[in-house]
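Following: one structure in structure tokens, then a few remarks.
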Amino acid sequence: MNNFLSSITLQNPWGMTSLIGLLIIIIIYLFRKKYQTIIATGIFLWQQHLRTQKGGRRYEKLKVTRSLILDLLAFLCLIFALCMPSYLSVNQGTLVIVLDKSFSMQANNNYQKVISSTEGIIKQRNKDTGIVLITAGETTQVLCDTQTKKSETLQLLKKYNPYSRIDSLNKALSLSRELVSGYAEIHLFTDKTLKIKGFPNTKIAIHSFAANDNNLAIVDALRFANPNKINTDSVIITIANYSPHSALADLQIAVTEDPKEILFQKTNNISANGKKVFELEIPNIAGRNIAVEITNKDTLPADSKVILVPEPELPIRYYVSADKELKKSFEIGLQATGANKALDLLDANLIITDKQQKLDDVFTVKLSKNKTTPKITTGPYVISLANPLCKDISLTGAYWGFYEGLNLPPNAIPLIIVGDNPLFWQESKLLVGLNLTTKTNLPLLSVWPALMTNITKSCRKQLHGIHKENYLIGEELQFNQTKNQIIKLLNTKTKQVINKTATAPTIPGIYQIQQSENTIAEIAVNPIFPAESNLEKLAKENTDKVVFSKRGKVLPKSISTVVIPLLLLALALLLLNWWLDGRSK
Amino acid sequence: MTKNSKADNPDAVNLGTRKAGHYRLLPPTNMSRGPSGIYLGSGVGNSIDFHDFREYQPGDDLRRIDWSAYARSDVLSLRLYQEEISPVVEIIIDNSKSIAAYNGKKFAALFLASFLTSTCRQTEGRPVLLDGISRHTGMEIEHTLRGLKFNSCVMFTQNFPPSQFGKPIRIFISDFLFSHNLEVLFRNMNRDASTIIPIMILSETEINPTFSGACRLNDCENNNQKIELEITAYAVEQYKTRLSTHIENLEHYARRYGGQLIKLNIPDVVNDSESFIDGIVNQLTELRVVEAGR
């Protein structure tokens, strides 16, 4: 029972302030007369008393009636529903086990303890629990995923043999969270010091085999975080999800060597500015597991990490067993993060394992290198709805990859391509928008400004004026105006005459470009941070033509499984009370 | 506040009939008119009991002439004898909803009607039952009582139907818990009647209310009439005072019109029907109901 209660978290704890309403109900009952209905025969004998009793109301002791109890229960249900409780069961969600494959785990036969402990954890789980087994070595390998049977997982576990060199399990941790959607329980078996990035909807259990004082720092740190559950063998950190609507992590928990450095901060930890798509045709893919392994991680910028592209709607589709939907050809998206640095290149091995074969039998296909020059695609970019270029643009949503190819009309010029498939294309002077789904993730994607730039640039080829509408501070502005045309760049404070090119103003803001006293365009000069974009502001003001929809709101589990039943229960209690009152009358 | 009980109409009627086997109803002495029977009436009849003398009128029966008196006074005079009549007993049962509000009251009303009917028959009387809208005689009375439903809101408070058999003894079984003009009620009741006997049946709860606190009193006969009031000890005392005043008024008007109010206290529920009816019969002493043989 205690475990059950402790697993309930309130997403809106301020709702508890409504408890004061209980007091109000009691006061109402205290001052409200509850009449006992009596069938009287000589009512005229009582009526005379009625005339004399209206002088005042006598104090009446509060009676704990059925009506009061039902009202209080109904109100409690409403309060509880208002608090939006969510219940995370231990046996729900996906179990992710990350095994440290470093040599050091061989000390004291730790790895054998790991195997036995892991076996115990796996056997405790239900049949339906999805289990992902990851080994963190020089290369991070996924031994099995949620589609693998439990017995096979236990067989694969016995293959665990620490013989590698690693410094950090962070990559395995990142991968582990990318592999599963929804609630996950991650068990880490390691003797390393960890810097853990927390994830929403995640329970992390660290089984530490630390051998020296330095490594024990992790335990110290954890003690600071959760003093009641300290155990050098198994420490559990439960991270509350304060962003139930988001599949990305808005909350980070950093557990460092310094016990005082336990950080809870809101941040956009997944921001990419480069994307690379590898393509490979693999025959006989059905029934096999596919994993992606990054082999040239050393070439990445120091502050970068490689993650699988998060797909809000299809979180693990490109990763799970292909026996459901994968076809002969498929795409794997990789995305690199790093401050203002694009992903240059990734060498990736595609490892294909067959369930029926041993891991040793895997074969590796080396992917071809395709170096590209990174583009500075940072935004934001402003699309003025008054601009005729935006006529007929509709951006109501798109998925990345995995949709059926489209047959372009003749003479159509694709503008944005995802894989082989055009997302938007131009037909003569008209932009054609695709309405692929009612939800969209485009405005939330980091590459969104680049998409918009491509659209506007391609549209501007036949018109005079600037090539872009948004500029970084200090970026060179280029214009296509003729010699006789004088263009002014101005806002409320400054005014600048422009010839052919100019440097963007140093003060951020929206500038009008005037030609012969007519405003022909607007540009935004902004710092890089996308939050300062006026895209959404413009969208709100002009939602008729350009729709920048937010990501489709995902109904949290707590609402469907807890809140709605609570509301129904409250309603049922009120109806029951009303019905019983009616009967008693 | 209808309280359930296993006793029903046939039980009460049968018990009344059975109990009446030991009793008979003594008619009042001032009974004046009625069909011929065994009781002396107030008028002139054919009995052997001397009543009066009067002068001979042409057409009088010559056999009634007192010849001895004629010899003494030389005046023809007749000897008159008292008439012999059988009493007509009109039993009016209040079948309003207030009687059925308590099972004991309902049971008692049915029992009394049946009991008085049978005792009346035992004394060569002629019982008539009025159940609010119609008149029943003979064995139809018991049949009517067995199926009587207490759902009426109409009573003979304004106009009692005229009797078909002289001046009846009119027994009115009711709780009298209504706020009509009592004088009008009793005057109407007394019209064409040789005597009136109002029997007031009240349940224990009506005499001593047991409920308290905030109550919503719904009139059992009128759903739209309800009052909300705080029932305190003081309120109960006031109620009792008004009830006793009401009863005194009833007694006053009953006396004024030659009758006598008989007040019966009835338990709310019939637990033991034998002891229940014994309790009722014991309270009927003023009704001139005596056991056979006395």
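Residue numbers start from 1 in every chain, and the chains themselves are labelled A, B, ... in the order their sequence lines are given, proteins ahead of strands. Computed from a prediction, not measured in an experiment: that's the story for all the values here.
Rounding to the nearest 0.5 Å places CG of A:Leu45 at 5.5 Å from OH of B:Tyr239. From A:Ile38, atom CD1 reaches atom CG of B:Leu217 across 6.0 Å, with rounding to the nearest 0.5 Å. Between atom NZ of residue B:Lys97 and atom CD1 of residue A:Ile39 there is a gap of 10.0 Å, rounded to the nearest 0.5 Å.
Minimum heavy-atom separation, B:Ser98 to A:Thr41: O-CG2, 3.7 Å.
Put simply, the side chain of B:Pro209 reaches to within 4.5 Å of the side chain of A:Trp46, judged on heavy atoms.
Within 6.0 Å of NE2 in B:His252 there are more than 12 heavy atoms belonging to other residues, nucleotides or ligands.
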